[in-house]
Amino acid sequence: MRRAALLLLLGGAAAACGALGSVLGSDAAPPSAGVGPFRALYSNEVRGKAPYVLDGNGIAYREPSALAADPSDPSSMSVFLYAVTPPPLTGGPTTVIVRARADDARSFSATGDGGTLSTVVLTASLAWEGGSVAGPSALRVGSSVYLYYAAVGGIGLARSSDGASFTKEPAPILAHDPTVRWETTAPFAPSVAQLPDGSFDMMYAAGVSIGEATSADGVHFTRVDADLSTPAMDPVLSPLGAPTAADGGPDGGADGAAEPAPPFDMAQVSDPCVLPTTTPAGRTVIRVLYTGFDGAVGSSTRSSAIGLAARFGASGPLVRQPEPAFSISKQEAAPTLFTWSGGALLYVHANEGLFSPYAAIAAGVAPTEIMLSTLAPDGGSTQTLLP
Amino acid sequence: MRPFGLALALVLLAGEARANPVDVFGLGSRGTAMGGAQAADVSDFSANYYNPAGLARAPGVELSLGYMRADHFLYVNGTNSGVDPVKGIVGGVVAPGRVLGIPFAFGAGLFLPDDFLSRVVALPQDQPRWELYDNRNQRLYIAANVAVSPLPWLQLGGGVAFMAATTGTLGITGSLPVLKAADAELRHEVSADLTAIRYPQVGARIELSKRVALALVYRGQFSEKLDIHAILSGEILLLPSTPALTTAYYDIETVSVSAFLPQQAVLGSSFQITDDLRANVDFTYVNWSAYVSPVASLDVKLNIPPPPNGGWPPGIIPPTTPAPTAVIPLDMHDTLVPHLGVEWRALGRPNWEGFIRGGYEYDMSPIPAQTGTTNYIDRDRHAFSFGLGLRLKRLLRELPGDVRLDGHAQLSEMFSGATLKSSPADYVGDFVAGGHIWNVGGNMTVGF
């Protein structure tokens, strides 16, 4: 009997010696809605300084809009990125829209001369534009590319068959409407998506809020009232405002408890990126990534983060996610999303440069557990010089 | 008294045993093949799990050894979740005898995984995971029991199973250049300690007649506490070549329960319907409502004094102390698990017998619908099992007892279902989850 027990113990010990194998789990990424939270790209995932993927080395690149270069291949990471920058060579206060391409979704700029190879695709040429174009939102519609953009007089549309040579609509497709009281500025920062029924849904910023307009053809848009219970036209998303002690906000230490952090978007919401989807359970969800600001324009302490708001169904106000989707404390703003079969890449503009900050395009990835392929720090960009 | 002394030695040797996978996959092929309905009908090494009282029914000294493997095919939104297989050696020993004229036995049983001796995982509470399958079953299980039969119709048994608490310290020291983080020089020190925790199990078996028996079993509750203390102390530099701006101290202590086994009570019955046909029915009450959320509580102390000369350079914003984790309770509910098993002696010859077995077990998920922030994925489990057995009598002159060969195959089907989130802005969103688990194995028992 002793021998039997000893055999049992020895057998166990032998197996235990070989039991120092792999660590937790598999490489499978956990399920995710694909809209955050995002982590900033690591230094080995970009060619230059992380998390930047398009860096003008002092020349600002802002307000990106991503467009899949090969939408027929879900695994393709080839991306066109439209962005706003000063006119090449001349610079100055005006801005143009350029396009860059990366076949790995990250190498938009070559080391050392980042961004200078991007192609100008849209400049201001109409009186209502006021000399600048900005806020691009690129959308593939059939074999065409629709490029919605912002200018002084509102939101315009240019269309192209190749994504590079655009023909503009002569007038803004959504101009300032003084009867809409929450729109204290002309609409800007458009984002347009096509819904499964073929209609077009636009989210845009105005004042400190985000509104919505819809269209059957992508050209003629009608504003949508997010709250039909009130007589006034309402935005779909507004800033929360500073919380008070009554609703759980800071009370100056009166209750002795740690003060909660104020909402990241309590002062302004802007730069919507609309992303309709159907969940695996079959529900339609309109998701919107946006920029949230915690201070007024011009405030020295104003900071920003990228938020997520969404709703079930085609209409109504958006519900916000309390936790930011992306926050790197670099004045990040103007989100746009590229999804492929392996995950989702978020592009924003964010401050680069320590002492003289300028905007460059940074990127984050979701789910946060996935790792992108390692890129060499230099030795050739995959950026394509477009005609 | 020899058996008692050896049992005590096994108890003391089993220092690093842990929570057990046998609740899900059973212990030994006969038990698994019969749907785990064993409490009133067990007499081999698997009595160390199913009912310690059954040890007293062993016909002689027996040594068992085998192997089992359970592969998970669990999917979320059509993607395989990659849950690791549970596989390893199963075995045990039963040694009956008499003490003061009373039938007495001791036994020991084990499941020894061949990939992990131990594994602890602490995940954010919103991260989707198959809570009952991802990590809990990657455990070493050892149980040691004794049993007596004070009356011919009554057997009583009890013993202990083992687990370990984990404490650890992670120390990181060095320098961190703000502008070239890749050039950081950090040194790591890890210290961990495993401390044994025991939990009780007791059982009784009552033979109502030659053909009918009842059983009661109780298994105690345990929780495995993971306590990690991390200390980071480092100099903050602008560049590797520049002098230190300041020294940062970051002190984190997390405490979590990485494995929790609820207390259980089993009411079992066994019916010898004919000489060749047996049917068993067990019901297991599982006190899941006592389940402790596996999310770690976090206590953070962060001290980064500003540089003494002129404060922080422009553009550098030191991090602030993160807010404490608000742990969302996981409100599981108790379950009653039915087990059904049948065994048919299909072939009976003077020197050998052949058995065919079948079983079913229904594990209703104790986890509520995950409509909010947390994503503890689970589905009801229907386990269908099948098994074959071969008993060889007097195989060798040197082996006075039987030699038994048992095998099993078990399919656990977890029907796919949708989880609908209450918020459209949920980072995980609606998901559809389901799948199945294949569990196969076999073991040999040699009687002496």
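Just so we're clear, the structure is a prediction, and the values are computed from it rather than from any experiment. Chain identifiers are assigned alphabetically (A, B, ...) following the order of the sequence lines, protein sequences preceding nucleic acid strands; residue numbering begins at 1 within each chain.
Using modelled atom types, one finds a donor on one side chain and an acceptor on the other under 3.5 Å when comparing S46(B) with D44(B).
A donor-acceptor distance shorter than 3.5 angstrom exists from the side chain of Y52(A) to the backbone of N351(A), with no hydrogens or angles considered. Under a 3.5 Å cut-off, the side chain of K49(A) and the backbone N or O of E352(A) do not form any donor-acceptor pair.
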Query raised in the report: Does the side chain to side chain donor-acceptor pair (under 3.5 Å) test come out yes or no for S423(B) and R311(A), once each step is laid out?
Result: CA-CA 8 Å; S423(B) 169; R311(A) 71 172 179 235; over 6 Å; no
Requested in this report: Take R129(B) and D134(B) through the salt bridge (Lys or Arg N to Asp or Glu O under 4.0 Å) test and state the conclusion after the steps.
Outcome: CA-CA 7 Å; R129(B) 83 290 299 272; D134(B) 260 341; over 6 Å; no
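With chain A as the partner, the residue from L420(B), D126(B), V432(B) showing the most heavy-atom pairs under 4.5 Å is L420(B). When each of P324(A), G282(A), A309(A), P322(A) is scored by its heavy-atom pairs under 4.5 Å with chain B, the top score falls to P324(A). Looking only at heavy-atom pairs under 4.5 Å with chain A, the residue among V446(B), I377(B), N77(B), T419(B) that has the most is N77(B). Chain A forms the most heavy-atom pairs under 4.5 Å with one residue out of A418(B), P128(B), G429(B), and that residue is P128(B).
Residue contact with chain A, scored on non-hydrogen atoms closer than 4.5 Å, involves the backbone of D426(B) exclusively. The part of V285(A) that comes within reach of chain B is its side chain, from C-beta onward, which places non-hydrogen atoms under 4.5 angstrom from that chain. The parts of A425(B) that come within reach of chain A are both its backbone and its side chain, each placing non-hydrogen atoms under 4.5 angstrom from that chain. Looking at A366(A), neither its backbone nor its side chain comes within 4.5 Å of chain B, counting heavy atoms on both sides.
Using cut-offs of 30° and 60° for the angle between ring planes, the F38(A) and F326(A) rings count as perpendicular.
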